[in-house]
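Values in this document were obtained by computation on a predicted structure and should not be read as measured data. Protein chains get the first letters and strands the later ones, always in sequence-line order, with residue 1 at the start of each. Computed over heavy atoms, backbone and side chain alike; hydrogens, waters and symmetry mates excluded.
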Amino acid sequence: MGKVKSAIITTLIIVAIVVLTVFATVSFPMGVENFNSMLTSIHLGSDLTGDAYVMLYPEGVISSEEYNAEYNGKESEEDKQEYVGKYEAKGGVYVEKEELLSVGEEKFLENVASDAEILSNRFGKRGYTSYSVSVVDGYAIKVSVPTGFTYAAYKGNHEEARSTALSEISTTVSYLTISGGLSLRHATEGSSWDQNAFDNLNLLTAAQQEQIGTYFKSISDYGVAQGYAVRFKLTSEGRDLLAEKTELVAAAEDTNLLFYVGENQIISLTCDGVLGEKQFYISVANQAVALDYSILFDSVINGEILSNVYEYDEVKVATSAMGENSALFVAIAIAVIMLAAIVVSIVKYKKLGIVNALMLLVYALTVIIALNVTGVIVTVAGIVCAVLGLLLLCGINFYVFEEVRKQTKTGKTIKSSISSAYKNTWKSLLDMHVVALVFALVLALIGVGEVSACGVILMFAVLASYAIYWFTRFVWYVISGPAKDKFAFGGFKREVYEDD
Amino acid sequence: MTKLSSKMHILIVISSIIIALGLALGLIFHFTSGSFFNYGGDYKTVNTVTVNYALADQSETFNKDSITEECNKVFEENGVCVVTKTYAETTQGGEIVFQFAAGEETYKTLQTCVEKITANLKLNDASMSGLSVVAASQVNAVKGGCKALLNCGIAIIVAAVLQFVYLAIRYKWTMAIGAFLANVHNLAIFIALLAITRIQISSAVFAFGAITVLATMIGCGILFGKMRKAFNAESNAKVDAKDVSDAAACDSLKPMAVLYLALVIALVVIALVSAIGSLSFASLIMPALCAVVCFISTLYGTAIFTPSVYSRLAAIHHNKANS
């Protein structure tokens, strides 16, 4: 390649890398708001930005804070004594004695434990990279989910993203912790057989209400082209039931069929006529809402009904157990690893090492952009997958360089050595990448939570690694174009034979 | 050159002992302490102390670090070790949650600590007089990870089967068997070592399990790539199949070891830098140990065990083809 051509292409490649690196790593103020770099806009898991958690208290149970606040608020000593006599301390919570007596302590603990199992199942279906449901002192339930904050939101540089993430978590918690079974109601047409139904009238008879689960095959979320819905699949009994009820509702003045869980209206279906299909859809605002509704409905039709009604005060945001600045320190660690790989490359392969260093940068940028665009939540395990891809790329480049070195020792020209080296190695490397890609795909599709996220990241890593493996050859060809001694460029020595 | 082919029997014995030991120890712990593995905070009962300063007088003298310091002092005096510590924001202030190992004895000690902390904070600092609560709790985690474990297991099995099919088509069926065996063996060794070493099981272990299989697959790619080249070489046409596979195994040992070592070094760097950042080595020691277990099982299984077993398979296949 000619010197001018080589200089132009090299400059273009380097400018592109520098510009992308700036956008990927540097955040700066832009008017009233900040420009947040691509790196700080990646969504991070709970091990990097902490958890959001809520404490759920069943009726008759209050937190120590609430107890203390109430106690301190009492004016007379008599009131205080009466208040103290009303509650019993159980670890970090206070339980109303009357409530304990009415239900029985053993039964109360049993109910809370079984509710925790149900909540664990519900939150497990939400696809969080990590979550935990635990019983605190036997009487309260703690639910922790990842905040999914970007680094900018975590550090308060992107308030909107932070409040959006927290409000989504709050909405999810409020829906997934609803107690009670599914019922179909109507403002005027339903009967009031259920004494607890104070808000709307139940369209189902007591017998139908009992066997509500038999009317639905499944209830799931559904999305197509930015439109989201809850999909209800019915059994044959369910079709008959719905045909009967929708006929009733369609004839009424108010044509809304209301879906309730406990005493909470979740969703409504406008009935223009009789609904007799195998499945029907009710559209909702977004994917998160579709997921929340479908998990709740699916759980209750499968008999997972919470025994207690739970209350929570607010969603608290906790720092990561790895420290407040764990994300920053993990980023430093990645920078150290990158730097070490670059130094080893340059020491071992001279100017060719610089080519490899550029390719490692391209790899890092590719992964950062991919994570940004797809919004995958990155945990430490996900970072390990990305690092694995980086090492794979570095390893295969070194493998090829060594193969070139071997070829040069046979007396071939550098062009011929490179050609032979790539010819000798591409099949094995392709196999290796195909196997890794299949593995990543399977993890992404079958795995749940963190494992699935790792699969997606690994997929990007493997694809980037293989594409950059070929790009390395091109950049090597371009950058080494003007070099007089192309063997010295890569730190190789040509074997010189006497008859040369 | 080490003749791995001649070591097949002893390697099978070593692997069997490791797996049997893991199984036996896991079962003993299952019946004595209730769990096959040593479950971490995500999956078991822990004790916590929560300092809620929601109603504290947030004057200039108020400082969450001073509360932490005071608590740490009391925990140290009473001989309880903090595993993790997190801060949480609340609308009225915040709370600090200290997590400890499970156990009734620890819980009793923590109740004593709570009394001391409450007294000390109120006595030492006037701004703490309105401190809301310090409370010790027993937190019992619901094992929600079972579905994740099941799905991860299914994913790994499907991936191993797909790799088997791919290698059977692209390479030889004996190599596909070798690679499948390597996956199963390495995962079994990884699990057995987790049971033996009592490394805490957290959600990160699933990821390390998956990395063990992936690293095995990449290692098998290197190993069988070399083997295929060696078997196809004309110069090896009359050489014994065992010798050819021994030579290829030796050839592949270095790149494999370098790749795995680089991965472990990278993991250790991440763990070390994070530990420096959080000033808490306790929370990172388990993932780092898990990485080491992952490295040992993968390197041993892929670079030593698999070639030794495969050489026998190759020899049988070679002999059959010749006869």
_K155(A) atom NZ: more than 12 heavy-atom contacts under 6.0 Å_ = yes

*Which bit of Q111(B) is near chain A, if near means a heavy-atom gap under 4.5 Å: side chain, backbone, both or neither?*
neither

*Sequence neighbours excluded, which residues qualify as side chain to side chain contact (heavy atoms under 4.5 Å, CB included) partners of L261(B)?*
I265(B), F295(B)

*Do you know which of G225(B), A266(B), A179(B), A291(B) has the most heavy-atom pairs with chain A at a distance under 4.5 angstrom?*
A266(B)

*Using non-hydrogen atoms only, which part of V49(B) is less than 4.5 Å away from chain A: side chain, backbone, both, or neither?*
neither

_Restricting to non-hydrogen atoms, name the atom on V442(A) and the atom on A155(B) that form the minimum distance, rounded to 0.1 Å._
CG1-O, 3.1 Å

*Looking at I334(A), V136(A), D51(A), D431(A), which one has more heavy-atom pairs under 4.5 Å with chain B than the rest?*
D431(A)

*Tell me, for I141(A) versus chain B, whether the close heavy atoms (under 4.5 Å) come from the side chain, the backbone, both or neither.*
neither

_At a 4.5 Å cut-off on heavy atoms, which part of S144(A) comes close to chain B: side chain, backbone, both, or neither?_
neither

_Residue-level interface, residues 159-167 of chain B with chain A, non-hydrogen cut-off under 4.5 Å_ = A159(B), L162(B), Q163(B), Y166(B)

*For S137(B) and D137(A), does a side-chain donor sit closer than 3.5 Å to a side-chain acceptor?*
yes

*chain A interface, residue from T86(B), L214(B), L263(B) that has the most non-hydrogen pairs under 4.5 Å*: L214(B)

*Which pair of heavy atoms, one from A333(A) and one from V273(B), lies closest together, and at what distance?*
CB-CB, 3.8 Å

*Atom CD of Q138(B) and atom OG of S134(A): how far apart are they, to the nearest 0.5 Å?*
12.5 Å

*Which answer fits I211(B), side chain, backbone, both or neither, if we ask what part of it has an atom under 4.5 Å from a heavy atom of chain A?*
side chain

*Proximal component of N325(A), with respect to chain B [non-hydrogen, under 4.5 Å]*: neither

_How close do Y53(A) and A88(B) get, counting heavy atoms only, and between which atoms?_
OH-CB, 3.4 Å

*Is there any residue in residues 387-394 of chain A with a non-hydrogen atom under 4.5 Å from a non-hydrogen atom of chain B, and which ones are they?*
V387(A), L388(A), L391(A), L392(A)

*asked:* Working to the nearest 0.5 angstrom, can you tell me the gap between M55(A) CE and T50(B) OG1?
replied: 7.5 Å

*Between Y67(A) and chain B, which part of the residue has a heavy atom less than 4.5 Å away: side chain, backbone, both or neither?*
neither

*Side chain / backbone / both / neither for V336(A) at chain B, heavy atoms under 4.5 Å*: side chain

*With a 4.5 angstrom heavy-atom cut-off, could you sort out which part of F224(B) is near chain A: side chain, backbone, both or neither?*
neither

_Contact origin within F123(A) toward chain B - heavy atom pairs under 4.5 Å_ = neither

*Just how far is it from atom OH of Y399(A) to atom CD1 of I222(B), taken to the nearest 0.5 Å?*
8.0 Å

Got a list of side-chain donor-acceptor pairs under 3.5 Å for residues 432-440 of chain A, not counting sequence neighbours?
{"residue": "H433(A)", "atom": "ND1", "partner": "L429(A)", "partner atom": "O", "Å": "2.7"}
{"residue": "H433(A)", "atom": "NE2", "partner": "S465(A)", "partner atom": "OG", "Å": "2.9"}

*Side chain from CB out, backbone as N, CA, C, O: work out which of these in K90(A) comes under 4.5 Å of a heavy atom of chain B, or both, or neither.*
neither

_With a 4.5 angstrom heavy-atom cut-off, is it the side chain or the backbone of A262(B) that approaches chain A, or both, or neither?_
both

*Non-hydrogen atoms of chain B under 4.5 Å away: do they reach the side chain of L458(A), the backbone, both or neither?*
side chain

*So how far is it from K229(B) NZ to S428(A) OG, rounded to the nearest 0.5 Å?*
5.0 Å

